[in-house]
Peer 1: 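Handing you this structure, nothing more for now.
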Amino acid sequence: MRKRLKRLSLLLVFTLFAAMLAACSSGAGGSSSGVDVGIVLPTKDEPRWVQDEERFKAALDDSDYTTEILFSQGSSAKEKENVETLISKGIDVLIICPQDGDAAASAVEAAKKEGITVIAYDRLITNTDAVDYYVTFDSVAVGAAQGQYLIDQASGTDVPLYLYAGAATDNNAFLFFEGAWSTLQPKIADGTFKIANSSEAEALKDKAELTRDEMSKILGQVTTNWDPNEAKNKAQTNLTAVGADMKGDISILAPNDGTARSIADVFASDGDISSYTVTGQDAEKASIQYVIDGKQSMTVFKDVRTLVTDAMGMAISILDGDSPETTGSYDNGAVEVKAKQTDVIVVDQENVQKELIDSEYYEASEFTGL
């Protein structure tokens with residue numbers, strides 16, 4: 001009887017050991033249950049982020065790793081809830097594009113406490129040491145490209161210049177404006193441009209480098225909050241407030257494509273506007289048609305295929321136990337965050353075919369007038 005019990009005990013030990021080996025084996029190269037990479041994006045209401053969702057999914061097609069993508073829909077509270085949901089699913093890497101750079105700090109701190117590697121995507125999370133990496137386009141270069149385009153198209157002196165910016169809660173809005181201001185300021189100071197819609201910017205026109213507080217004061221007057229409707233209302237208010245000397249041939253610094261289209265529509269409807277040059281950013285499909293039609297002058301093309309590839313490549317390196325490649329760093333107010341930067345391209349009527357159609361970013365059939 002004792003021999004039989006002993007054989008049963010040994011059989012049980014071997015069975016448990018085999019089960020443990022099977023469990024370990026199934027966890028190699030990807031999670032057998034749960035999610036490896038959690039991704040949080042700002043909203044489904046902008047084409048940019050919907051396109052990113054599809055590209056993130058495609059980026060893991062050839063990998064054993066799994067991902068889940070959640071949208072915050074413009075709410076920092078929802079963003080935090082999304083992060084908590086992904087933490088509960090056992091993620092090892094969190095990729096997050098914050099709705100509000102400061103507000104997102106508490107969400108990523110919760111992830112960091114669980115040993116999760118945090119990658120800020122496209123927008124920097126600020127004032128926390130819980131961010132490991134940042135994948136971004138060179139945001140200062142974006143603003144500089146917008147400013148340079150306005151300079152290249154301007155002629156004469158006292159060209160009315162209308163300034164608009166993104167949301168003051170988004171660190172990128174400051175970086176875009178910093179790049180634009182550093183480029184435009186010499187031409188404001190020498191009289192090429194005359195600021196039409198910001199007393200704060202006018203008061204600082206002779207200052208080449210602005211402090212964060214000085215930029216905040218300007219953004220307080222010209223922010224669109226990345227909202228096309230708010231941009232439309234602000235443009236209408238600006239045009240109502242100015243005289244004929246601030247119309248005619250004008251220049252408009254618009255922060256992104258959604259706001260650019262709204263602002264352009266307002267200025268185009270004013271009979272006292274002879275012509276306008278308006279900037280944009282993101283190469284949204286609707287704005288590419290505007291560029292083709294001459295309604296929007298340019299857009300800064302940020303090839304999100306490359307940005308998604310960089311972000312997912314970084315995540316896979318981390319999951320594989322390797323150190324991701326970085327090209328620089330950004331001060332987020334608490335730490336220097338290691339970053340991987342992606343180049344940007346200016347697109348207008350002259351090169352829209354080459355940069356967006358020939359590169360297969362879009363198909364020619366999606367547009368008219370090419």
Side-chain angles (χ1 to χ4, degrees), residues 140-166 173-174 176-211 214-224 230-257 259-281 290-291 294-300 346 348-350:
V140 174
V142 170
Q146 292 174 330
Q148 189 60 51
Y149 194 89
L150 294 178
I151 291 170
D152 291 344
Q153 304 303 311
S155 61
T157 59
D158 289 335
V159 177
L161 173 63
Y162 290 80
L163 302 172
Y164 298 96
F174 284 86
F176 297 144
F177 193 82
E178 176 188 339
W181 182 265
S182 66
T183 306
L184 288 168
Q185 186 274 332
K187 292 299 181 179
I188 297 170
D190 73 6
T192 301
F193 294 108
K194 187 173 182 180
I195 297 168
N197 65 330
S198 171
S199 59
E200 294 288 353
E202 177 65 22
L204 294 163
K205 68 180 181 180
D206 293 322
K207 191 169 183 184
E209 292 186 18
L210 302 178
T211 66
E214 288 168 339
M215 279 193 284
S216 291
K217 289 177 180 177
I218 297 173
L219 263 63
Q221 292 184 323
V222 304
T223 181
T224 63
E230 189 165 337
K232 176 183 177 182
N233 293 336
K234 188 149 286 185
Q236 289 172 335
T237 300
N238 292 157
L239 280 178
T240 301
V242 300
D245 63 323
M246 285 294 148
K247 296 190 178 181
D249 299 318
I250 65 164
S251 297
I252 308 165
L253 178 72
N256 74 340
D257 283 349
T259 58
R261 294 193 302 275
S262 291
I263 293 167
D265 288 345
V266 171
F267 279 84
S269 67
D270 189 311
D272 294 324
I273 301 295
S274 306
S275 69
Y276 62 84
T277 301
V278 60
T279 63
Q281 173 185 185
Y290 263 50
V291 168
K295 295 179 181 179
Q296 182 175 325
S297 310
M298 63 85 85
T299 184
V300 178
V346 170
D348 61 9
Q349 281 186 334
E350 296 299 316

Peer 1: Going by salt bridge (charged side-chain N to carboxylate O under 4.0 Å, His left out), name the residues that satisfy it together with K187, two or more places apart in sequence or in a different chain.
Peer 2: D190
Peer 1: Is it the case that S199 and Q221 place a side-chain donor and acceptor less than 3.5 Å from each other?
Peer 2: yes
Peer 1: Would you give the length of the straight line joining atom CZ of F193 to atom CG of L253, rounded to the nearest 0.5 angstrom?
Peer 2: 10.0 Å
Peer 1: List the atom of L219, the atom of A165, and the distance in Å for their closest heavy-atom pair.
Peer 2: CG-CB, 3.7 Å
Peer 1: Do the side chains of W181 and E209 get nearer than 4.5 Å, heavy atoms only?
Peer 2: no
Peer 1: With a 4.5 Å heavy-atom cut-off, do M298 and V300 have their side chains touching?
Peer 2: yes
Peer 1: I need the Y290 OH to S297 OG distance, nearest 0.5 Å.
Peer 2: 12.5 Å
Peer 1: For the backbone of G220 and the side chain of T223, can you confirm whether one donor and one acceptor N or O come within less than 3.5 Å of each other?
Peer 2: no
Peer 1: Main chain of A231, side chain of S262: is a donor-acceptor contact present, judged purely on distance under 3.5 Å?
Peer 2: no
Peer 1: Please enumerate all residues that pass salt bridge (charged side-chain N to carboxylate O under 4.0 Å, His left out) together with E230, with sequence neighbours excluded.
Peer 2: none
Peer 1: Assess the residue pair D265 and K232 against the criterion (side-chain contact (heavy atoms from CB on, under 4.5 Å)); give the C-alpha distance rounded to whole Å, side-chain angles, the decisive distance to 0.1 Å, and a yes or no.
Peer 2: CA-CA 8 Å; D265 288 345; K232 176 183 177 182; over 6 Å; no
Peer 1: Do we see a donor-acceptor contact under 3.5 Å between the side chains of T259 and N256?
Peer 2: yes
Peer 1: Please report the closest heavy-atom contact between T192 and A154, naming both atoms and the distance.
Peer 2: CG2-CB, 4.5 Å
Peer 1: Please list, one pair per line, the donor and acceptor atoms closer than 3.5 Å that link side chains of residues 155-164 to other protein atoms, with sequence neighbours excluded.
Peer 2:
unit_1	atom_1	unit_2	atom_2	d
Y162	OH	M246	O	2.6
Y164	OH	N238	OD1	2.7

Peer 1: Considering residues at least two apart in sequence or located in another chain, which fulfil the salt bridge (charged side-chain N to carboxylate O under 4.0 Å, His left out) criterion with D270?
Peer 2: K247
Peer 1: Do L204 and I218 come within less than 4.5 Å of each other through their side chains, counting heavy atoms only?
Peer 2: yes
Peer 1: Determine whether Y276 and S251 make a side-chain contact, defined as any pair of heavy atoms from C-beta on separated by less than 4.5 Å.
Peer 2: no
Peer 1: Give a yes or no on whether the backbone of Q146 and the side-chain of T279 come within a donor-acceptor separation of less than 3.5 Å.
Peer 2: no
Peer 1: In the structure I gave you, are the side-chain heavy atoms of I195 and I188 within less than 4.5 Å of one another anywhere?
Peer 2: yes
Peer 1: Using the test side chain to side chain contact (heavy atoms under 4.5 Å, CB included), find all partners of S274 that sit at least two apart in sequence or belong to another chain.
Peer 2: D249
Peer 1: For E214 and T211, indicate whether the former's side chain and the latter's backbone hold a donor-acceptor pair under 3.5 Å.
Peer 2: yes
Peer 1: Okay, side chain of Q185, backbone of K205: is any donor-acceptor separation there less than 3.5 Å?
Peer 2: yes
Peer 1: What residues, two or more places apart in sequence or in another chain, satisfy salt bridge (charged side-chain N to carboxylate O under 4.0 Å, His left out) together with E350?
Peer 2: none
Peer 1: Test side-chain contact (heavy atoms from CB on, under 4.5 Å) on V278 and F267 and set out the steps.
Peer 2: CA-CA 10 Å; V278 60; F267 279 84; over 6 Å; no
Peer 1: Below 4.5 Å, heavy atoms only, C-beta onward: do Q296 and D348 meet side chain to side chain?
Peer 2: no
Peer 1: Please examine the side chains of I252 and I263, heavy atoms only from C-beta on, and report whether any two atoms are closer than 4.5 Å.
Peer 2: yes
Peer 1: Under a 4.5 Å cut-off applied to non-hydrogen side-chain atoms, are V142 and Q281 in contact?
Peer 2: yes
